[in-house]
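Below is one structure, written out as structure tokens; the observations come after it.
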Amino acid sequence: MNTFQQLGHNALTAFQRLGRAHLFLFAVLAGAPSLLPRLRLLIQQLFSVGVLSLVIIVVAGLFVGMVLGLQGYNTLVDFGAEESLGVMVALSLVRELGPVVAALLFAGRAGSALTAEIGLMKATEQLSGMEMMAVDPLKRVVAPRFVAGVLSMPLLAAIFSAVGVMGGYFVGVGLLGVDEGAFWSQMQSRVDFDEDIMNGVIKSIVFGVVVTWIAVFEGYDAVPTSAGVSRATTRTVVYASLAVLGLDFVLTALMFGEV
Amino acid sequence: MQNTRLVETLVGIFVAAGLAALFMLAMKVSNLNAFSDVEGYEVKAQFENIGGLKVLSAVSIGGVRIGRVSSIDFDQEDYEAVVTMMIDPKYNRLPTDTSASIFTSGLLGEQYIGLEPGGEEAFLKDGDNISLTQSAMVMEQIIGQFLFSKASEGAEAE
Amino acid sequence: MTDKKDNLVEARGLTFHFGSRVIFNGIDLDLQRGKVTAIMGPSGTGKTTLLRLIGGQIRPTAGTIHVDGHEVPRLSRRELFELRKRMGMLFQSGALLTDLSVFDNVAFPLREHTALPETMVRDLVLMKLEAVGLRGAQRLMPSELSGGMARRVALARAIALDPMMIMYDEPFTGQDPISMGVLVKLIRDLNEVLGLTSIIVSHDVAEASQIADYIYVLSQGVVVGQGTPDELHQSESEWVRQFMQGMPDGPVPFHYPAGDYAEELLSPGEGR
């Protein structure tokens, strides 16, 4: 094969995959309403996707907030503006770090697990078996996982930001002696609910959709062998992380670009 | 299944924690609790120069926040900026000769309107004007004046 | 042509290409209602593919398949799902759902497709598990089962909805002689007691001939032999005899097609 043919072949394969991924998404969305009478399936998945990600989100959020407090203080104190520490910590977390870091951790923790689980179900003919039992695996297996991921992501991001603000508070007010009143009041006067917090929530919902979509699709589309599943898991983490960072730029440009 | 209850409880805690975190971000971190813009009465004031004042900037009296700037306009007859403030209705006993000044919080902070109550018996009501105003201190002007006075001092010394 | 009512599954001119590979090239099959039919052939002849074609998971390139009078490839998704509720399929691996216990696995099709009260589901599940002799294992998880037990649980699950037919994909592969015997007996008994139609895909000649009423032998995408087990053992065809008696060389060559042996040994090799 010459180079151009190889290039064209790769491009066509990529487009085909993209097309399959979209058809897959529509099928999953069409299957989502059938979850309503069967909330137990969703709760089960909220547990494995959301609750089990909680520890890593809380710990990471706390440390990120503490580091922000420390670094922010060292910079701001040079300008005598250490009272703005609260603003800096809160805005960084709510606008960027909360949604983005939580989504990256989510991709690593829950996304890879989803891909591996669905891929293994495919490899062990469980999905095929369900189809032969006249049960649609998209509805029974994929839809609850997808919905659980989309619901969990904004909650996890909010927890990350809230814990991060607490971490910044511990370091800034507790250790470095920033005035407590100024820390909170400056934060409240400068962080806008619609502009900052809601935009952060919108970001995290978008990330939730994209990460979970990539994770369940990679699992469903995996080559049904152990090597295939492990490759799919790696792809989930790589693609989901890149998608989060790329989309974050686009969303930030749309939301905060032209004030 | 005996662990169903545990799973459901943990999911419940997770959802509650997420919503609580959102609530905390809304109430404690952001300005959502400051007060809503919908209620309140409007007072106008004209300034020569408003500096960096923006819509949503704070309006405070004695350091207490009582409202916010709801719109900023330019009057082409007087060549002055017209600032409309939305004041919380519970602060309805501001004398009509209250004065408004534009201050900066800290050296580099945001600008806000500070009100100084006067001694009149009548109170401001919706649509009233504040006539006593003091414009923003524009940093460049202050530095310019300072340098100019230094230069002239130097010239005198020679 | 045979009487249509007699045949549960009928394939005519069934052709299936996988990419550029020809898996089936115009095969005709008649699977009689209430009988055990074995589809046999060497590994790689697409026997599992045949089951997937019957189950409607893939569509043939050409030709028709009728199951109980319905032309499978033309059914809508909903009709296909309705038809599949009356088909059971036993996968080679068992394909049990690994996150559910044995009990819940067998209850799965009942809970998915019926609105039976939980007490009735329980009774039905226990009946099906008793039929395969694993009522005592109801609380185990699939990972705690041996391969033979997993297949029996899968069998209980396949008959949970009282289907009209069951397809077995290589049910005997990789089983020790005892579980093999258990499976042979189960398949035969279920077929008789429940009046099922059974399709067995296998290359285990001895076991398949033991339980099958009729055997099709496939090779290279065509039917090379068919008949009752006895007829096939006495087949004229050299090929069928080689397969049924398991001889290493014959019409199916021992060697994968290759160039001249001596020549290749002497050649310097294609610079790897």
Side-chain angles (χ1 to χ4, degrees), chain A residues 9 12-13 16 23-24 26-28 30-31 34-49 52 113-145 148 216 219-220 223-226 229, chain C residues 48-49 51-58 67 72 75 77-100 104-115 142-143 147 150-151 153-161 163 165-170:
Chain A
H9 177 80
L12 286 178
T13 324
Q16 264 178 8
L23 291 177
F24 174 81
F26 292 134
V28 170
S34 67
L35 273 178
L36 277 179
R38 320 179 53 187
L39 280 179
R40 175 158 297 187
L41 284 178
L42 182 60
I43 288 176
Q44 191 73 41
Q45 290 312 318
L46 275 174
F47 177 78
S48 50
V49 171
L52 295 183
L114 283 176
T115 306
E117 192 187 10
I118 296 179
L120 272 178
M121 288 182 85
K122 186 179 183 189
T124 53
E125 294 182 310
Q126 291 183 51
L127 297 184
S128 204
M130 274 191 196
E131 271 191 28
M132 286 307 296
M133 284 187 278
V135 174
D136 188 346
L138 287 181
K139 284 185 189 158
R140 180 65 174 65
V141 175
V142 178
R145 284 166 173 77
V216 292
Y220 197 78
V223 179
T225 59
S226 40
V229 173
Chain C
T48 306
T49 310
L51 294 187
R52 289 186 187 276
L53 283 166
I54 296 173
Q57 282 191 321
I58 46 180
V67 175
V72 176
L75 292 179
R77 196 171 166 75
R78 177 169 310 193
E79 291 165 327
L80 189 61
F81 271 35
E82 281 307 312
L83 183 63
R84 280 186 194 162
K85 287 181 194 172
R86 298 190 288 140
M87 297 181 182
M89 175 144 175
L90 191 68
F91 284 85
Q92 200 169 341
S93 59
L96 294 176
L97 304 176
T98 40
D99 55 341
L100 299 179
D104 290 325
N105 258 291
V106 180
F108 182 81
L110 294 167
R111 288 180 179 150
E112 289 289 326
H113 294 309
T114 68
S143 54
R151 268 180 224 185
V153 173
L155 185 53
R157 184 177 68 177
I159 58 174
L161 287 173
M165 64 182 267
I166 298 195
M167 299 185 273
Y168 300 89
D169 187 6
E170 301 282 7

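Hydrogens, waters and symmetry mates are skipped; everything else that's a heavy atom, side chains included, is used. Within every chain, numbering begins at 1; the chains are lettered A, B, ... in the order of the sequence lines, protein sequences first and strands thereafter. What you are looking at is a predicted structure, and each value in this text was computed from that prediction instead of being measured.
The environment of Arg86(C) atom CZ is dense: over 12 non-hydrogen atoms of other residues, nucleotides or ligands sit within 6.0 angstrom.
The distance from atom NZ of Lys85(C) to atom CE of Met133(A), rounded to the nearest 0.5 Å, is 13.0 Å.
A heavy-atom distance below 4.5 Å is not found between the side chains of Gln126(A) and Leu96(C). Contact of the Leu97(C) side chain with the Met130(A) side chain is registered, since non-hydrogen atoms from C-beta on lie closer than 4.5 Å.
Considering every non-hydrogen atom in both Gly129(A) and Phe91(C), the closest pair reads CA-CE1, 3.2 Å. Shown here for Glu125(A) and Gln92(C), the closest heavy-atom pair between the two residues is OE1-N, 3.9 Å.
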Decide salt bridge (Lys or Arg N to Asp or Glu O under 4.0 Å) for Glu131(A) and Arg77(C); before the verdict, give the C-alpha distance in whole Å, the side-chain angles of both, and the deciding distance to 0.1 Å. CA-CA 11 Å; Glu131(A) 271 191 28; Arg77(C) 196 171 166 75; 5.5 Å; no
side-chain contact (heavy atoms from CB on, under 4.5 Å) between Val135(A) and His113(C): does it pass, once the steps are laid out? CA-CA 8 Å; Val135(A) 174; His113(C) 294 309; 3.7 Å; yes
Checking Arg52(C) against Ser128(A) for the side-chain contact (heavy atoms from CB on, under 4.5 Å) test, could you report, in this order, the C-alpha distance in whole Å, the side-chain angles of both residues, the deciding distance, and whether it holds? CA-CA 10 Å; Arg52(C) 289 186 187 276; Ser128(A) 204; 2.8 Å; yes
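If you tally non-hydrogen atom pairs under 4.5 Å between each of Arg140(A), Glu117(A), Arg38(A), Met121(A) and chain C, the highest count goes to Arg140(A). When each of Thr124(A), Leu120(A), Leu127(A), Val141(A) is scored by its heavy-atom pairs under 4.5 Å with chain C, the top score falls to Thr124(A).
With sequence neighbours left out, Glu79(C) forms a salt bridge (Lys or Arg N to Asp or Glu O under 4.0 Å) with no residue at all.
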